[in-house]
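To keep things clear, I will list the structure first and then write my remarks on it.
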Amino acid sequence: MNFIGRFFWLILTITAISVAMLFAISNTQQVTLQLWPFTGQLAIPAWVLVIGAMATGALFGGGIVWLSLIAARTHNWAL
């Protein structure tokens, strides 16, 4: 059963990487970013913006889950 689970995650990972690569290849248009109080502009490809936003969200989400696990472990240890 452990082999089937690992195989499933391997297939899922390869599929996600393939979709991200296809997205990056087909979205090469430049996007101009501006932040209101500043006058500068930043021109980057669209795929960098989207994949960067997804990675940032994954890191923040993982950090929140990690902090909640620490709180749960602390509570369990106190019991």
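Hydrogens, waters and symmetry mates are skipped; everything else that's a heavy atom, side chains included, is used.
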Connected via hydrophobic side-chain network under 4.5 Å: I51 and V31: yes
List for me each residue that meets side-chain contact (heavy atoms from CB on, under 4.5 Å) alongside I70, sequence neighbours excluded, and say none if there are none. W66, T74
Would you compute the distance between atom CG of L10 and atom CD1 of I14 and round it to the nearest 0.5 angstrom? 4.0 Å
Supply the atom-to-atom distance I17 CD1 to L22 CG, rounded to the nearest 0.5 angstrom. 12.0 Å
Donor-acceptor pairs are to be reported for all side-chain atoms of residues 37-50 against protein atoms at under 3.5 Å, with residues two or more places apart or in another chain.
none

